[in-house]
Every structure is written in C-alpha cells, then in structure tokens.
Engineer: 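Below are the structure tokens for one structure; questions will follow.
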Amino acid sequence: MMSNLKSGLAALGMVSLITWAGPTLAQDTGFYAGIALGQSKINIDCEGATTCDEKDTAWKIFGGYQLNRNFAVELGYVNFGEGRVAGAAPPFGTASVTFESTAFELVAVGMLPLADKFSLYGKIGLYRADTDADVTLTGFPPATESDSNTDLTFGVGVRFDITRNLGLRAEWQRYGDVSASDFGESDIDVISLGVLFRF
C-alpha cells in the first residue's frame, strides 16, 4: 500500500508539473473518446502453486473532456481479463481459483506537448472494481465469491496525433490493491495501445 501511495504521489506530481508546463495559448478543448487493447498482469501470490497464470488480454473504453492543451478529465471502463492459480490443497486434493475483474475509473490527465505531434501524459485518480473469484475444490461443487473496492490508479503514456481529430496512445497503468474477498488484494498492471477520437 505504501509503495502504491508513493508511486501515486509521484504521478500526481507529474500531472501537476505537466498541467502548468509550457504555453497555454493555442488551446485545444473539447470532448474525446477512445478504445484500447493490451495485456494485464494480476500480481497473484503464486507461492506453492503448481499453475499460476497472471497475464491476460485487457481492453478499455474511455471518454473525457480536454480543458486546454495541458489538462483533461477522463472516465473509463476496463476489463482486466482473468488470472488463475491452482495447486495442492490437502486433505482435499487440488484447488483452483480463477479471478476476473472489471473497473470504472475517473482520472485527471496532465499532458506535455513535445516536438510536432508527440506528447507525454500522466494520469491519476480513483477506480471502482468488481472481482469474481471462481473456486474449484476436489470433492466440492464450484463456488463463486464476489467483492468490490475503490482505490488509487495512476499511469503514464505517450500520445501521437495523426490528425487533429485522431490520435494513438501507448500507456502503462496500475490499479492498486484490487480486492478479491478472502483471497486478499493484488495490484493489476495494464500495458495498452489505444485509439483516440476528438469531436
């Protein structure tokens, strides 16, 4: 939790710096929306497991409003895919747990335009996640445990503007301490490529 807080504060500092950096003439304002596809890594505790699958395909849809060339507010929905861990569970035989999480997020985005059509950005905000844990234990019927939580999310990325209304984004984003009921909390990292459309 402390490392996530420190990283989140660093991201907040980056957002603040970017927001106030550079000239703010020639402002770009307005609504935008986009989609992104990438890979998630659910940081599961795999100690003692015989199978541990932490990575899956993740996707996101998002929309926001750009207040000026350096600052935007963004709302998004992300599906992290699944993670699975399995192993021996004496005296029952074997057990496996499959985790599936989704989240809504609200973030502030600070942007720093660079040469020509490139810009760096940082984001920080809150997410609300829902997680289902499907449990299979030898000799018992399958069961599902569900949990929800709210916590900090932050990330960094680079954007390339193909035209004024169309752009590409590559980013890394962390969702800290996503809760999975009795199975504890796990950070989820997402690396993705996205397409952004301005209206």
Side-chain angles (χ1 to χ4, degrees), residues 3-4 7-8 10-12 14-15 18 31-46 51-66 72-85 97-114 117-134 147-163 165-180 183 185-198:
S3 62
N4 283 332
S7 299
L12 178 60
M14 180 178 177
V15 170
I18 289 174
F31 290 98
Y32 64 89
I35 56 175
L37 183 67
Q39 185 180 76
S40 63
K41 183 177 185 295
I42 306 171
N43 295 291
I44 304 171
D45 182 3
C46 295
T51 300
C52 189
D53 186 3
E54 300 177 291
K55 297 179 179 179
D56 200 4
T57 300
W59 58 268
K60 177 191 289 189
I61 55 174
F62 58 90
Y65 185 81
Q66 188 163 332
V73 178
E74 189 173 297
L75 177 67
Y77 171 82
V78 57
N79 186 310
F80 300 109
E82 294 182 347
R84 182 175 180 272
V85 60
V97 184
T98 300
F99 303 94
E100 184 172 4
S101 298
T102 61
F104 286 95
E105 64 181 48
L106 180 63
V107 295
V109 184
M111 293 162 283
L112 177 61
L114 300 176
K117 298 180 179 182
F118 284 95
S119 59
L120 297 176
Y121 64 89
K123 56 169 64 175
I124 187 169
L126 296 175
Y127 73 84
R128 175 70 175 178
D130 293 310
T131 300
D132 291 331
D134 296 324
D147 199 7
S148 300
N149 75 294
T150 300
D151 213 307
L152 184 70
T153 181
F154 53 89
V156 293
V158 60
R159 190 183 78 203
F160 175 72
D161 294 322
I162 300 173
T163 68
N165 299 106
L166 178 64
L168 301 176
R169 300 203 311 191
E171 70 175 40
W172 165 87
Q173 188 166 347
R174 167 163 287 185
Y175 300 80
D177 297 330
V178 178
S179 179
F183 301 97
E185 301 172 337
S186 300
D187 296 336
I188 300 180
D189 295 326
V190 179
I191 297 175
S192 64
L193 296 174
V195 181
L196 180 148
F197 307 91
R198 294 190 189 87

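Numbers here are sequence positions counted from 1.
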Engineer: For the residue pair Val158 and Phe118, establish whether any side-chain heavy-atom pair is separated by less than 4.5 Å.
Structural biologist: yes
Engineer: Between Glu74 and Arg169, is the closest basic N to carboxylate O distance under 4.0 Å?
Structural biologist: yes
Engineer: Working note: Asp187 + Asp177, criterion side chain to side chain contact (heavy atoms under 4.5 Å, CB included); need CA distance, chi angles, decisive distance, verdict.
Structural biologist: CA-CA 5 Å; Asp187 296 336; Asp177 297 330; 3.5 Å; yes
Engineer: At what distance, to the nearest 0.5 angstrom, does CG of Asn149 lie from CZ of Arg128?
Structural biologist: 7.0 Å
Engineer: Could you walk me through whether Val97 and Asp134 pass side chain to side chain contact (heavy atoms under 4.5 Å, CB included), step by step?
Structural biologist: CA-CA 5 Å; Val97 184; Asp134 296 324; over 6 Å; no
Engineer: Any idea which heavy atoms bring Tyr127 and Ala103 closest together, and the distance?
Structural biologist: CD1-CB, 4.3 Å
Engineer: Is Leu166 close to Phe197 at the side-chain level, that is, under 4.5 Å between some pair of heavy atoms?
Structural biologist: yes
Engineer: Name the one of Phe62, Tyr77, Tyr175 that satisfies ring pair (Phe, Tyr, Trp, His ring centres under 6.0 Å) with Phe104?
Structural biologist: Tyr77
Engineer: Hey, could you give me the CZ/CD distance between Arg198 and Gln66, rounded to the nearest 0.5 Å?
Structural biologist: 6.0 Å
Engineer: For residues Ser148 and Asp130, is any side-chain donor paired with an opposing acceptor at under 3.5 Å?
Structural biologist: yes
Engineer: What distance separates Asp53 CG from Lys41 NZ, expressed to the nearest 0.5 Å?
Structural biologist: 11.0 Å
Engineer: Can Thr102 and Asn79 be said to form a side chain to side chain donor-acceptor pair (under 3.5 Å), step by step?
Structural biologist: CA-CA 4 Å; Thr102 61; Asn79 186 310; over 6 Å; no
Engineer: Return the minimal non-hydrogen interatomic distance between Tyr121 and Met111, and the atom names on each side.
Structural biologist: CB-CG, 3.8 Å
Engineer: What distance do Leu37 atom CG and Ser192 atom OG have between them, rounded to the nearest 0.5 Å?
Structural biologist: 8.0 Å
Engineer: Can you give me the closest heavy-atom contact between Arg84 and Ile44, atom names plus distance?
Structural biologist: N-CD1, 4.1 Å
Engineer: Do Leu120 and Val156 come within less than 4.5 Å of each other through their side chains, counting heavy atoms only?
Structural biologist: no
Engineer: Looking only at heavy atoms, which two atoms of Ala180 and Thr131 are closest? And how far apart?
Structural biologist: CB-CG2, 4.0 Å
Engineer: Checking side chain to side chain contact (heavy atoms under 4.5 Å, CB included) for the pair Trp59/Ile35: CA distance, chi angles, key distance, verdict?
Structural biologist: CA-CA 8 Å; Trp59 58 268; Ile35 56 175; over 6 Å; no
Engineer: State which residues pass side-chain contact (heavy atoms from CB on, under 4.5 Å) with Ser40; sequence neighbours excluded, sorted by chain then number.
Structural biologist: Asp56, Ala58, Phe80, Ile188, Val190
Engineer: Any idea which heavy atoms bring Lys117 and Ile162 closest together, and the distance?
Structural biologist: NZ-O, 3.4 Å
Engineer: How far does CG of Asn43 sit from CZ of Arg174, to the nearest 0.5 angstrom?
Structural biologist: 6.0 Å
Engineer: Could you label the plane-to-plane angle of the Phe99 and Phe183 rings as parallel, tilted or perpendicular, counting under 30° as parallel and over 60° as perpendicular?
Structural biologist: perpendicular
Engineer: With rounding to the nearest 0.5 Å, note down the distance linking CG in Leu126 to CG in Leu152.
Structural biologist: 6.5 Å
Engineer: List the atom of Ile42, the atom of Glu82, and the distance in Å for their closest heavy-atom pair.
Structural biologist: CD1-C, 3.9 Å
